[in-house]
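Below, chains carry the letters A, B, ... as their sequence lines are ordered, and counting in each starts from 1.
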Amino acid sequence: MAILVNKDTKVCVQGITGRDGSFHSHRMAEYGTHIVGGTRPGKGGAEHEGFPVFDTVAEAKAAGANSSVIYVPVAGAVDAMYESIEASMDLIVCVTEGIPANDMVRVVASLRGRASRLVGPNCPGVITPGVASVGIIPGRIAIPGRVGIVSRSGTLTYEVIHALTRLGIGQSTCVGIGGDQVPGMSFLDVLELFRDDPDTDLVVLIGEIGGSDEQIAARYIAQELGKPAVAFVAGQTAPPGKRMGHAGAIISGGEGTAAEKIAAFQAAGVPVGESPGQVAELVRARLRLPEGSGTA
Amino acid sequence: MAILVNKDTKVCVQGITGRDGSFHSHRMAEYGTHIVGGTRPGKGGAEHEGFPVFDTVAEAKAAGANSSVIYVPVAGAVDAMYESIEASMDLIVCVTEGIPANDMVRVVASLRGRASRLVGPNCPGVITPGVASVGIIPGRIAIPGRVGIVSRSGTLTYEVIHALTRLGIGQSTCVGIGGDQVPGMSFLDVLELFRDDPDTDLVVLIGEIGGSDEQIAARYIAQELGKPAVAFVAGQTAPPGKRMGHAGAIISGGEGTAAEKIAAFQAAGVPVGESPGQVAELVRARLRLPEGSGTA
Amino acid sequence: MKIHEYQAKRLFAEIGIPVPEGRLAHTPDEAAQAAQELGPPVAVKAQVLVGGRGKAGGIKLAASVSEAEDRAAEILGMEIKGLPVRSVLVERTADIRSELYLSIALDRASRAPLLLGSAMGGVDIEEVARTRPEAIERVPIDPEFGLRPYTAWAALRRMLGDPDLTRQAVRIAGKLYSLFMDLDSSLVEINPLIVTGEGQVMALDAKVNLDDNALHRHPQLDALRDLDAEDPRERDAKANDLSFVALEGEIGCIVNGAGLAMATMDMVKHAGGRPANFLDVGGSSRPEKVLHAMRIILADPQVRVILLNIFGGITRCDDIAQGLIAARTELGVRVPIVARLTGTNEQEGRALLRSVGLESAETMEEAVRTAVRVAEGGVA
Amino acid sequence: MKIHEYQAKRLFAEIGIPVPEGRLAHTPDEAAQAAQELGPPVAVKAQVLVGGRGKAGGIKLAASVSEAEDRAAEILGMEIKGLPVRSVLVERTADIRSELYLSIALDRASRAPLLLGSAMGGVDIEEVARTRPEAIERVPIDPEFGLRPYTAWAALRRMLGDPDLTRQAVRIAGKLYSLFMDLDSSLVEINPLIVTGEGQVMALDAKVNLDDNALHRHPQLDALRDLDAEDPRERDAKANDLSFVALEGEIGCIVNGAGLAMATMDMVKHAGGRPANFLDVGGSSRPEKVLHAMRIILADPQVRVILLNIFGGITRCDDIAQGLIAARTELGVRVPIVARLTGTNEQEGRALLRSVGLESAETMEEAVRTAVRVAEGGVA
């Protein structure tokens with residue numbers, strides 16, 4: 001069954017007439033994702049390159065959509081998220097980057113008591129290989145399987161998927177939560193879903209410097225996940241202070257360095273790879289797969 | 001078990017050092033209500049007439065309080081409600097009157113996804129006779145029994161309780177939701193609780209002119225309540241337009257007159273009394289009690 | 001509190017809701033000058049705080065400056081529903097292609113603001129709501145999100161059709177919502193909202209009602225209060241924290257709580273009497289409030305008896321009794337008083353009354369019957 | 001973006017957070033005049049956008065006007081952590097009874113603002129957080145409610161003890177939160193927050209960091225930008241929507257995505273090379289962005305090879321290839337290029353590169369190894 005995205009996922013593309021929205025609507029549809037249509041206020045009732053266009057998400061919902069993906073420019077992205085939250089979309093993926101952090105504080109607060117799950121912003125989205133893709137993860141690089149991926153990074157996620165696929169190790173669902181300071185879903189939120197997903201045997205977590213999300217995730221993996229995990233942490237050679245601010249250091253009482261995070265994973269019994277290729281090797285070892293064979 | 005207030009209710013009095021807060025703390029305590037103490041920022045750690053004083057509701061909660069009642073002046077009443085909501089008090093009764101309606105719109109919106117129930121503002125509160133009283137309903141006039149009361153009016157509620165008590169008909173719980181345009185709990189919210197309360201056999205609903213809450217309640221009684229009800233509607237002789245504004249008339253497509261409301265109750269099979277005394281007589285008849293005997 | 005159209009339009013203009021250009025005039029002379037500045041034709045509109053001005057002849061068109069002066073002279077001499085017209089708004093006329101309706105009000109049922117719209121504007125909207133409810137668009141607003149462009153889009157597009165006009169109306173609706181929340185308004189209404197020949201969406205009328213409970217936060221709005229529009233006794237009552245409505249009868253009522261006050265009046269009528277007023281002393285009453293209440297009621301020469309009906313909760317019966325006694329001493333009450341005190345501190349209250357020779361009834365029914373008998377010439 | 005202390009204090013003063021009276025001075029003369037107006041003793045404080053001014057000698061006390069002039073002359077001649085001091089803040093000194101710490105920052109873990117406080121103010125707070133975490137009060141703020149008086153009361157009372165001082169600090173905390181949200185701030189900090197001998201709570205220092213993503217909403221704040229504090233190449237990159245950090249090595253990196261860029265640098269180091277920079281071209285890249293990236297990197301004479309590592313998602317490989325080709329034509333690239341293109345439109349991208357004689361690596365590992373070899377003097 002995977003998580004977040006499955007065969008019943010029906011997508012509304014917010015900003016379908018824009019350059020990115022239009023391009024990726026075709027990519028998602030080619031991958032087999034059910035695209036109900038997209039929104040562009042004022043163009044409701046028209047078609048865009050074969051996709052129905054609606055004025056509002058509520059109208060797309062009435063036409064069957066239960067998920068949405070946002071490609072609108074940053075000036076309209078916050079409203080776009082609110083629109084999908086108010087329309088009670090099950091899954092909302094916000095690809096748009098550059099959204100002010102305090103706007104996201106308000107967006108995340110508004111999710112309380114509501115049914116929607118928000119992935120992003122500034123994220124590549126979610127793919128359940130062989131089933132459907134919501135966002136911008138290139139479908140070609142993924143194959144179906146039983147490894148779950150959750151990542152703060154965009155393109156680095158692709159590298160890891162790619163590396164797994166090259167070893168023949170397939171993925172249940174890959175979730176890019178985005179690298180922003182205030183993401184909709186956190187590592188923890190996604191790990192909880194993977195814990196309860198019978199189709200996921202192992203989780204790969206891709207972190208980076210800054211904050212203490214990786215440390216919190218490491219604790220959760222050790223205590224609650226009940227499945228093996230493998231990690232990667234980007235930024236071991238980053239100059240100190242370049243991403244991790246003063247404020248974060250006071251809040252967490254640490255610097256948020258890669259070394260701290262790697263130590264946390266190791267303390268939790270989670271092996272950490274030094275490159276995407278090595279992560280894939282660690283997954284293979286952890287799953288006790290013979291070399292050259294995958295789970296796909 | 002009654003509703004909202006029971007033997008486990010432990011009350012924090014917000015504004016305990018004020019004239020009303022102080023007076024009614026003693027009345028509630030005399031009635032047997034468990035008063036944990038009250039709040040007055042800056043006086044935390046002191047005592048007020050025998051009651052412990054806390055700086056914040058969170059501290060009163062730490063000392064055992066699970067409910068709060070608000071007597072603070074109107075300038076601080078909205079913050080007082082937010083404070084109790086943030087502290088996750090089970091029941092919050094706001095007695096204070098004169099709170100701007102749009103402030104209440106925000107307060108009510110903030111209750112979404114939270115555990116607290118808010119009664120009021122501008123309300124007399126809740127009494128479960130013989131057990132506990134939270135608010136300002138004079139305990140002396142109520143006796144334990146099996147009739148639930150919900151009312152938009154303050155003192156009119158007392159009249160009805162009094163009239164029932166004079167006939168020996170006791171009450172399970174009496175809830176004054178307050179007459180403001182935006183109340184925390186509505187008729188509907190309270191009726192749902194009475195529906196599920198095995199200790200309530202019949203519900204008395206006390207409405208007044210304005211809005212369409214009574215009509216909505218009448219529909220609910222007919223379709224969902226599963227128990228008999230008796231109603232009273234104040235304002236049959238009120239000059240038109242004095243309470244019911246133009247806006248309400250557009251929203252509901254009616255004038256919100258007493259006649260409309262009485263008709264709605266009658267259509268729902270709910271008898272309507274012409275005075276508090278007659279309401280009590282109707283309750284007696286409905287419960288098929290012989291004259292001169294009650295359920296107490 | 002209600003404010004005048006010209007005041008509401010200034011608020012609209014400040015936040016960018018398009019309104020026709022206009023000038024306020026208090027004399028025919030000023031109206032002529034306004035017409036001169038704006039360039040005729042102009043509309044001359046009575047500024048009074050009641051509905052139905054148009055039907056009453058309070059809105060006239062003037063094709064020239066001198067005609068504007070004449071129309072202003074006519075309107076400034078009028079009284080509309082009992083209210084004198086003290087000023088007119090002289091406005092540039094618009095080329096009206098269509099008239100719509102737009103408002104935001106609090107919806108008691110959802111406990112949230114509601115956007116109301118209709119393609120049938122410029123008419124009695126209550127009538128439309130009653131007879132053709134399907135002609136009214138109702139858009140619930142989640143206060144957590146406010147009125148965002150998407151909130152009202154579909155409804156406004158149904159009303160306006162054209163995307164560009166919809167976009168303009170969506171912008172106006174958003175600003176209207178900001179006004180509604182920021183000013184603690186209880187109603188903001190545009191009737192009609194027009195589409196002009198040039199394709200502009202514009203507010204031809206403007207109504208803004210304010211929440212009395214919030215006026216202390218908006219001193220600049222409180223200053224807009226039009227004292228003409230209020231009964232002086234109601235104003236006096238409000239200043240003393242009392243809720244008062246003058247009526248036609250002989251039985252002066254002092255009650256605590258609006259519901260009980262209405263129920264008391266209902267019972268007076270059922271018993272064959274006529275209430276002289278609605279008066280709610282409110283909760284948490286200080287003794288002086290009873291004194292003020294007595295003074296306001298006694299100012300009505302028709303009052304033949306005072307019916308005091310108190311069921312104390314937060315109100316304490318002893319406070320009420322003290323106020324009553326003070327009123328008897330200070331005002332020299334000329335009519336009999338029928339008192340009924342029950343509830344919080346009733347023993348103390350009754351004892352106080354007894355100490356000045358006043359007995360209290362036990363029940364509301366009894367008190368009402370006695371008061372009606374006294375008003376008919378009987379004795380307490 | 002960071003702003004200067006004197007700018008942050010103006011923002012504080014505007015919303016009513018007490019700060020000492022002060023004047024900005026750009027010359028010793030101006031500092032003397034400021035001291036004259038304020039009346040000595042005064043503090044003379046370097047305005048630079050780095051921490052640790054005090055330790056570096058950037059804050060001095062002056063007992064007289066002439067002393068203020070001398071101290072200003074000293075400080076205005078300084079460079080602190082590489083930044084020239086171009087102005088000083090001359091401030092009336094305060095009678096300090098105690099020093100505390102107060103700030104609001106975003107907490108990633110709760111995805112909400114967090115109030116941080118400590119009775120140990122005026123010192124290196126990161127050090128306190130590391131060594132004595134129990135000395136830091138942490139008050140989570142629910143953005144639905146904001147920071148209300150009750151939110152911070154208990155923590156601030158623990159820090160200050162006295163109810164009146166607590167009340168002042170609660171007021172300051174509330175205003176600090178408003179500033180934080182209204183200005184789209186990422187950090188507001190007062191270190192130290194002081195209690196004066198007269199019992200006033202006051203901000204002796206002020207730090208306000210702003211969210212670059214929101215600056216377009218606050219043009220008045222964007223105008224406060226201090227260009228001195230930024231590396232000109234980083235500024236150039238930002239203006240072109242690129243994220244760039246200059247480093248010491250020989251391998252110029254152009255990568256899409258911050259995580260992949262960091263991972264690429266990590267792998268360069270593991271392979272024995274040294275990255276010359278961090279550069280993220282971001283998502284949805286237009287071809288011109290690659291052109292700008294090449295220009296910025298080639299400005300560094302140490303660069304011996306360019307490593308282009310692209311895994312296309314929203315970024316399309318053909319856009320990148322076009323940008324690279326344009327750069328070769330327009331900039332006359334003097335060093336070898338090692339390119340790796342995978343993902344969205346990779347066939348089209350590789351074909352484009354092949355058409356100008358550039359081969360692409362298959363994997364990131366392969367590209368990194370090649371680039372390191374080239375930098376060491378090998379061949380691609």
Side-chain angles (χ1 to χ4, degrees), chain B residues 19-20 23-24 27 74 95 97-106 108-109 112 122 124 136-138 141 151-159 162 179 181-183 186 206 208-213 216 232 234-239 242 245-251 253-254 274-277, chain C residues 51 103 105-109 111-114 116 125-126 128-130 133 136 138 142-144 180-181 184-187 189 209 211 213-214 217 245 247 255-263 265-270 275 278 282-284 310-316 342-344 363-365:
Chain B
R19 188 175 191 266
D20 293 334
F23 180 83
H24 288 284
R27 295 297 87 76
V74 64
V95 173
E97 64 178 316
I99 296 173
N102 289 357
D103 282 358
M104 284 310 303
V105 164
R106 296 187 190 92
V108 168
R112 175 197 284 270
N122 187 18
I136 59 174
I137 299 178
I141 61 175
S151 171
R152 259 169 81 182
S153 163
T155 46
L156 188 51
T157 317
Y158 310 161
E159 292 286 356
H162 197 45
Q181 216 183 346
V182 183
S186 66
I206 303 165
E208 54 185 54
I209 51 171
S212 54
D213 299 18
I216 295 167
F232 182 82
Q236 297 180 51
T237 60
K242 264 302 164 190
H246 164 73
I250 314 164
I251 292 174
E274 292 208 332
S275 70
Chain C
S103 74
L106 261 187
D107 177 26
R108 291 181 62 102
R111 282 168 284 181
L114 186 70
L116 292 159
I125 194 71
E126 290 188 40
V128 176
R130 206 158 34 238
I136 308 269
R138 296 148 187 283
D142 186 328
E144 205 169 340
F180 181 84
M181 292 305 281
D184 292 304
S185 176
S186 54
L187 172 72
E189 185 177 71
N209 293 355
D211 183 345
N213 282 342
R217 291 203 281 233
V245 181
L247 300 169
V255 190
N256 67 323
L260 187 57
M262 287 193 289
M265 290 158 55
D266 290 352
M267 285 173 70
V268 164
K269 277 238 176 140
H270 290 151
F278 165 96
S284 196
I310 300 295
F311 206 127
I314 201 157
T315 304
R316 304 190 208 162
T342 312
T344 306
T363 69
M364 175 172 170
E365 283 85 348

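- Between chain C and the options B:Thr157, B:Val74, B:Val182, B:Asn122, heavy-atom pairs under 4.5 Å are most frequent for B:Val182.
- In this structure, chain C has a heavy atom under 4.5 Å from the side chain of B:Val95, while its backbone stays farther away.
- A distance of 9.5 Å separates OG1 in C:Thr342 from CD1 in C:Ile310, rounded to the nearest 0.5 Å.
- Chosen from B:Pro124, B:Ala101, B:Gly154, B:Ser151, the residue pairing most often with chain C at heavy-atom distances under 4.5 Å is B:Ala101.
- Note that CD of B:Glu274 and CZ of B:Phe232 are 8.5 Å apart. Values are rounded to the nearest 0.5 Å.
- The parts of C:Asp266 that come within reach of chain B are both its backbone and its side chain, each placing non-hydrogen atoms under 4.5 angstrom from that chain.
- Looking at B:Ile141, only its side chain comes within 4.5 Å of chain C, counting heavy atoms on both sides.
- The contact between C:Thr363 and chain B is made entirely by side chain atoms (from C-beta outward), counting heavy-atom distances below 4.5 Å.
- Contact detail for C:Pro113 and C:Met181: the closest heavy-atom pair is CG-SD, 4.3 Å.
- In this view, C:Asp184 and C:Arg217 satisfy the salt bridge (charged side-chain N to carboxylate O under 4.0 Å, His left out) rule, not counting sequence neighbours.
- Chain C forms the most heavy-atom pairs under 4.5 Å with one residue out of B:Arg112, B:Gln236, B:Glu159, and that residue is B:Glu159.
- Annotation: maximal heavy-atom pairing with chain B below 4.5 Å, among C:Gly312, C:Ala109, C:Ala112, C:Pro133, occurs at C:Gly312.
- Residue with the most contacts toward chain C among B:Ser153, B:Pro100, B:Gly277: B:Pro100 (heavy-atom pairs, distance under 4.5 Å).
- The two residues B:Ile209 and B:Gly235 have their closest heavy-atom pair at CG2-O, 3.5 Å.
- At least one side-chain heavy atom of C:Ile136 sits under 4.5 Å from a side-chain heavy atom of C:Ile125.
- For a residue to count as touching a neighbouring chain, one of its non-hydrogen atoms must lie under 4.5 Å from one of that chain's; by this rule B:Ile99 touches chain C with the backbone only.
- Under a cutoff of 6.0 Å and an axis angle of 45°, B:Arg27 and B:Phe23 form a cation-pi pair.
- Atom CG in B:Leu156 sits 8.0 Å away from atom CD in B:Glu208 (nearest 0.5 Å).
- C:Asn209 does not touch chain B: none of its heavy atoms, backbone or side chain, sits under 4.5 Å away.
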